[in-house]
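Below is one structure; the comments refer to it alone.
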Number of protein chains: 2
Amino acid sequence: MLQVSRKFEYGLHAVTYLATKGLGRVVTVKEMADEIGFSQEFLSKAMQSLKRAGIAASVQGVKGGYTLGKAIDEVTVADIALAIEGKPHLVRCGVKADRCEIFSSCHHRGYMNTLQHKIQALLAATTIHSLLKEIEG
Amino acid sequence: MLQVSRKFEYGLHAVTYLATKGLGRVVTVKEMADEIGFSQEFLSKAMQSLKRAGIAASVQGVKGGYTLGKAIDEVTVADIALAIEGKPHLVRCGVKADRCEIFSSCHHRGYMNTLQHKIQALLAATTIHSLLKEIEG
DNA sequence: GTTTAATAGGGTTAAAATAGTCCTATTTAA
DNA sequence: TTAAATAGGACTATTTTAACCCTATTAAAC
């Protein structure tokens with residue numbers, strides 16, 4: 001259905017939230033979940049993915065939490081999608097050839113691949129910095 | 001995960017298959033399923049959707065089947081996606097506001113909407129005619 | 001007229017993906 | 001030592017997608 005996952009939406013909100021708080025400020029998952037308005041446990045998973053990708057940095061222990069791991073003009077929406085949803089596959093055969101019954105005779109692969117790259121380029125064209133500017137007006 | 005549905009893939013293959021056969025030729029679902037290589041029953045559903053949208057035309061009864069309903073330069077990949085998957089909703093709140101817990105406080109809606117429109121524009125930029133040229137080289 | 005091969009489509013089941021929860025371990029400030 | 005946080009594995013529930021089954025309708029051929 002060409003829809004992003006909720007986990008991605010959560011992650012994007014979290015990153016923009018962290019960004020408005022500034023690079024230094026350590027924010028707990030609880031605070032973000034309360035402030036933005038969704039499930040703490042699930043947001044926590046998104047944060048772990050963002051951390052592994054270096055987009056967020058974490059501080060463990062009491063007084064711990066998350067901060068941004070990179071400058072806001074060095075992270076794009078595509079990076080966040082990659083961190084949370086993994087490599088994009090517009091069509092099944094991208095995941096694994098044997099996912100498609102007609103892999104060998106398929107004529108659309110070239111087109112679908114370029115289409116996917118173009119969509120990726122759209123996501124990569126927005127940095128958190130530019131997204132914030134759009135939000136704040 | 002930003003992936004198109006299999007039904008859409010089926011439909012796109014069917015449309016390009018019909019296109020190579022020419023506007024006049026009536027083709028059965030069985031022939032297409034055999035030739036392209038997938039489930040007749042499921043492809044049948046895709047064809048019904050394409051027919052409702054006017055992209056395919058049908059002939060009932062013995063010797064019946066499907067033909068293209070429009071000229072190949074008047075149908076875009078976006079039209080096929082719309083016919084088969086319905087109106088696109090990149091994010092849940094597009095489907096229905098109450099699908100999102102934070103609808104009223106959400107800051108990303110504007111961006112996600114423009115992103116969606118850009119993706120639609122990508123799909124709308126390819127007609128069956130241009131897709132065939134790409135395939136046939 | 002009857003048979004046959006096709007589309008039309010409702011309804012149900014099966015499988016896969018997504019979302020969400022639970023539990024335990026680890027870390028570190030107080 | 002306690003408490004508040006991240007880390008992450010394992011499990012469950014929900015939703016979506018894919019597939020299947022069955023019956024009706026249509027129209028050519030006989």
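Each chain gets a letter, A, B and so on, in the order its sequence line appears, and its residues count up from 1.
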Does atom NZ of K7(A) have more than 12 heavy-atom neighbours, drawn from other residues, nucleotides or ligands, at distances under 6.0 Å? yes

Whole angstrom is fine here: how far is it from NZ in K30(A) over to P in dA3(D)? 17 Å

Is L50(B) close to M47(B) at the side-chain level, that is, under 4.5 Å between some pair of heavy atoms? yes

Rounded to the nearest angstrom, tell me the gap between atom CD in E85(A) and atom P in dT18(C). 8 Å

Using a strict 4.0 Å threshold on nitrogen-to-oxygen distance, state whether E31(A) and R25(A) make a salt bridge. yes

Report the residue (G65(A) or L2(A)) whose heavy-atom-nearest nucleotide on DNA chain D is the more 5′ of the two. G65(A)

Whole angstroms only, please: what is the OH-C1' distance between Y66(A) and dT6(D)? 5 Å

Report yes if the side chains of L12(B) and H108(A) come closer than 4.5 Å at any heavy-atom pair, otherwise no. yes

So does E101(A) pair up with R92(A), basic N to acidic O under 4.0 Å? no

Any side-chain N or O of R6(A) under 4.0 Å from OP1/OP2 of dT15(D)? no

Side-chain contact check for Q60(B): nearest option of dA27(D), dA19(C), dA8(C) is dA8(C)

Residue closer to the 5' end of DNA chain C, E101(B) versus G64(B) (nearest nucleotide): G64(B)

To the nearest Å, how far apart are Y10(A) OH and dA19(C) C1'? 8 Å

Looking only at dA7(D), dT21(C), dG11(C), the nucleotide nearest the S58(A) side chain is dA7(D)

Specify the residue among M47(B) and S5(A) whose closest nucleotide of DNA chain C lies further upstream toward the 5′ end. M47(B)

Distance test, side-chain N/O of R92(B) to OP1/OP2 of dA19(C), below 4.0 Å: yes

Could you list who else is in L82(B)'s hydrophobic cluster, with ILVMFWY side chains joined at under 4.5 Å, directly or through other members? none

Determine which pairs satisfy ring-ring contact (aromatic ring centres under 6.0 Å, His included) with at least one residue from residues 62-99 of chain A, sequence neighbours left out, and list them in order. none

Atom CG of L43(B) and atom P of dA19(D) are separated, to the nearest Å, by 11 Å

Could you work out which one of dT21(C), dA30(C), dA28(D) sits closest to the side chain of K63(B)? dA28(D)

Using a cut-off of 4.0 Å on non-hydrogen atoms, how would the nucleic acid contact of K51(A) be classed: base, sugar-phosphate, or nothing? sugar-phosphate

Indicate whether OP1 or OP2 belonging to dA8(C) is found under 4.0 Å from a side-chain N or O atom of S44(B). no

For atom CD of Q48(B) and atom C1' of dA24(D), their distance in whole Å: 12 Å

Flag side-chain contact, heavy atom, 4.5 Å: Y17(A) against H13(A): no

Nearest-angstrom distance from the residue atom CD of E41(B) to P of dA5(C): 17 Å

Using a 3.5 Å limit on both pairing distances, list the dot-bracket string of DNA chain D from the 5' end; Watson-Crick and G-U wobble pairs count, crossing pairs take [ ], interstrand pairs take |. ||||||||||||||||||||||||||||||

Whole Å only: how far is the CD1 atom of I84(B) from the P atom of dA19(D)? 13 Å

Comparing V62(A) with K45(A), nearest DNA chain D nucleotide closer to 5' gives the residue V62(A)

Candidate nucleotides dA19(C), dA18(D), dT7(C), ranked by approach to the side chain of T28(B) - the nearest: dT7(C)

Check the phosphate of dG8(D) against R52(A), side-chain N and O only, distance under 4.0 Å to OP1 or OP2. Yes or no? yes

